[in-house]
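Some notes on the structure that comes next.
No experiment lies behind these values; they were computed from the predicted model shown.
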Amino acid sequence: MMGMTGACNSIPCSDDASCPPQNYCKVQVLGGEGRCTQDCLTALQCGPEQLCDFTGRCIGLGGILELAVTEPADGVQVTPGTTVDVAGTVTVDLDPVTLEVAALDNVGCAPAFTQTLQLEPTGQRQAVPFRFTGVAVGEGGGTITARATTRGGEVKRAITYRSPTACNDCPAVRFDEPPPYTLLPDNTLGIIVAGRVEGTLRTPLLISVDPTGAELRLPLALEGTTFGGRVLPVSPGDNSVGVEVQGLTGSRRCLRRVTAGQVGAALSAHLSWEGTEADMDLALVPPGERVGSKACMANSRWDGCSFPTRDRTAPGPEAALLSSVEDGVYGVAVLTVPGEEGPVRATTVILGDGAVLTRMGPRNLDPRRNDVWLVARVQVQGGMRRVEVLDRVVPQAPASPPDAW
């Protein structure tokens with residue numbers, strides 16, 4: 001029996017905890033205000049195979065999530081670098097269920113992006129089929145894990161797969177960061193990659209692959225067997241970052257998956273750099289302005305100019321955004337903050353309306369010399385944006401507006 005009339009139905013709420021006992025917060029529109037609601041006081045007011053829980057909801061008997069993975073079979077043999085479908089069933093009744101699937105291989109890498117699926121309530125307890133496609137598998141075997149989560153708890157099911165090791169004599173890569181799958185905050189287009197490499201090395205490389213498949217490859221400098229403080233640039237969307245190592249018989253890419261949110265700004269610049277002590281400042285300079293506090297920096301007089309990454313200390317990243325632009329020439333520059341660490345590598349990404357206009361770097365900068373990197377000028381005319389690459393290092397910030405850099 002749904003929709004009981006009670007004294008609490010008019011109380012606004014944000015979650016169940018803001019409602020009186022035996023009431024829950026019911027939201028009619030996603031993101032809207034909820035109202036405290038009570039559907040039942042006893043199981044007699046609920047349907048067959050249901051009971052009344054402590055929040056006044058009718059739930060399936062026992063309220064137990066049941067999750068089954070039917071595809072692929074446990075122990076299936078696969079080829080490294082290919083993908084599989086993950087399918088099965090999950091019980092759904094009066095609450096939405098979130099499904100998630102992820103995969104790890106046995107050589108310390110994470111070949112698959114985490115995929116999620118939201119199943120809406122059915123009104124009665126039943127097994128609902130699901131299918132995820134394109135789940136990547138790695139070398140040396142691994143594990144695929146499905147997880148179902150609802151208001152009452154979660155349940156996991158894991159299956160293993162078998163696959164050959166593509167490079168038996170390749171060094172092993174162990175990541176400290178980032179985690180196997182990382183969702184970056186908005187306007188953050190750089191990520192630190194750190195860890196260690198175990199075994200004999202032949203020209204290790206840092207790898208960053210953007211959503212289009214374009215690659216950035218950097219020589220990897222090790223301190224003994226460890227590496228850290230290496231900030232790699234990423235672009236909006238799904239990226240891969242990690243390390244490539246070589247053995248005598250082949251090579252291995254050990255990757256982490258990173259998703260960066262879209263950037264909702266008419267014009268923005270993003271800066272990433274390596275190092276543990278080095279600090280840098282990013283300047284997005286509007287037409288007619290000069291590098292400094294009166295330009296698009298911390299104390300800008302320009303409307304809509306912001307620095308969403310408030311932690312402006314090493315090792316970054318930083319971002320500067322303009323919510324609207326007018327015709328003219330804009331400049332992007334990077335200023336090193338005087339310090340003892342250097343040189344370090346830095347990269348910048350310039351975007352217009354969330355689309356990548358250009359990516360610059362890595363550029364070696366030395367805070368010990370107070371380097372200033374003039375990255376680029378952006379010509380805005382009638383809503384069109386054209387990037388003029390400068391990419392030069394000077395000993396001091398220019399005293400002129402960007403059109404004279």
Would you find a donor on one side and an acceptor on the other, under 3.5 Å apart, between the side chain of [X] and the backbone of [Y]?
X: Thr82; Y: Pro80; value: no
X: Arg162; Y: Gly141; value: no
X: Asp327; Y: Gly382; value: yes
X: Glu318; Y: Leu282; value: yes
X: Glu244; Y: Arg253; value: no
X: Glu289; Y: Pro286; value: no
X: Tyr161; Y: Gly138; value: yes
X: Ser163; Y: Thr79; value: no
X: Gln45; Y: Asp39; value: no
X: Trp273; Y: Thr347; value: no

With rounding to the nearest 0.5 angstrom, report the [atom1] to [atom2] distance, [X] to [Y].
X: Leu119; Y: Asp95; atom1: CG; atom2: CG; result: 12.5 Å
X: Trp405; Y: Arg290; atom1: CH2; atom2: CZ; result: 11.5 Å
X: Leu67; Y: Thr89; atom1: CG; atom2: OG1; result: 7.5 Å
X: Arg252; Y: Asn168; atom1: CZ; atom2: CG; result: 8.0 Å
X: Cys254; Y: Phe175; atom1: SG; atom2: CZ; result: 4.5 Å
X: Cys19; Y: Ile11; atom1: SG; atom2: CD1; result: 7.0 Å

For [X], give me all partners under side chain to side chain donor-acceptor pair (under 3.5 Å), at least two apart in sequence or on another chain.
X: Asp238; value: Thr259
X: Ser268; value: His270
X: Asp169; value: Thr249
X: Arg157; value: none

Can you see which heavy atom on [X] is nearest to which on [Y], and at what distance?
X: Pro402; Y: Val285; value: CG-O, 3.6 Å
X: Ala266; Y: Ser323; value: CB-O, 3.5 Å
X: Gly261; Y: Pro236; value: O-CB, 3.9 Å
X: Leu284; Y: Ala269; value: CD2-N, 4.4 Å
X: Leu271; Y: Ala346; value: CD1-CB, 4.1 Å
X: Gly140; Y: Thr165; value: CA-OG1, 3.6 Å

Only counting residues at least two apart or in another chain, list the ones meeting salt bridge (Lys or Arg N to Asp or Glu O under 4.0 Å) with [X].
X: Arg174; value: Glu198
X: Asp210; value: none
X: Arg256; value: none
X: Asp353; value: Arg385

So do [Y] and [X] actually touch side chain to side chain, heavy atoms under 4.5 Å?
X: Trp373; Y: Val394; result: no
X: Val334; Y: Thr336; result: no
X: Thr91; Y: Val128; result: no
X: Pro178; Y: Ile192; result: no
X: Ile191; Y: Leu184; result: yes
X: Val197; Y: Phe227; result: yes
X: Val234; Y: Leu232; result: no
X: Met280; Y: Val344; result: yes

> Does anything in residues 106-118 pair up under side chain to side chain donor-acceptor pair (under 3.5 Å), and if so which pairs, sequence neighbours excluded?
Replying inline: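 Qualifying pairs: Thr98-Gln118.
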>> Strictly by side chain to side chain donor-acceptor pair (under 3.5 Å), give each pair with a member in residues 355-368 just once, sequence neighbours left out.
In response: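 Found Ser235-Arg359, Arg363-Asp391, Asp366-Arg368.
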>> Please determine whether side-chain contact (heavy atoms from CB on, under 4.5 Å) holds for the pair Ile207 and Val243, giving the CA-CA distance in whole Å, both sets of side-chain angles, and the decisive distance to 0.1 Å.
In response: CA-CA 6 Å; Ile207 305 293; Val243 176; over 6 Å; no
>> Would Val101 and Val135 count as a side-chain contact (heavy atoms from CB on, under 4.5 Å) here? Give the steps.
In response: CA-CA 8 Å; Val101 65; Val135 179; 4.3 Å; yes
>> Under the criterion side-chain contact (heavy atoms from CB on, under 4.5 Å), I'd like the reasoning laid out for Val241 against Ser208: C-alpha separation, chi angles, the key distance, then a yes or no.
In response: CA-CA 4 Å; Val241 297; Ser208 178; 4.0 Å; yes
> Run the side-chain contact (heavy atoms from CB on, under 4.5 Å) check on Val393 and Val372 step by step: do they pass?
Replying inline: CA-CA 6 Å; Val393 177; Val372 176; over 6 Å; no
> For residues 68-83, which residue pairs qualify under salt bridge (charged side-chain N to carboxylate O under 4.0 Å, His left out), counting only residues two or more places apart or in two chains?
Replying inline: Glu71-Arg131
> Under the salt bridge (charged side-chain N to carboxylate O under 4.0 Å, His left out) rule, what pairs show up with a residue in residues 97-109, not counting sequence neighbours?
Replying inline: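 Residue pairs passing salt bridge (charged side-chain N to carboxylate O under 4.0 Å, His left out), neighbours aside: Glu100-Arg147.
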> How about Cys36 and Cys25, are their SG atoms within less than 2.5 Å of each other?
Replying inline: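 Cysteines Cys36 and Cys25 do not qualify as a disulfide pair, their SG atoms being 2.5 Å or more apart.
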> For Glu120, does the CD atom sit with more than 12 other heavy atoms under 6.0 Å from it, leaving out its own atoms?
Replying inline: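 More than 12 heavy atoms, drawn from other residues, nucleotides or ligands, come within 6.0 Å of this atom.
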> Can you check side-chain hydrogen bond (donor to acceptor under 3.5 Å, both in side chains) on Arg257 and Ser240, steps first, answer last?
Replying inline: CA-CA 5 Å; Arg257 308 298 184 176; Ser240 300; 2.4 Å; yes
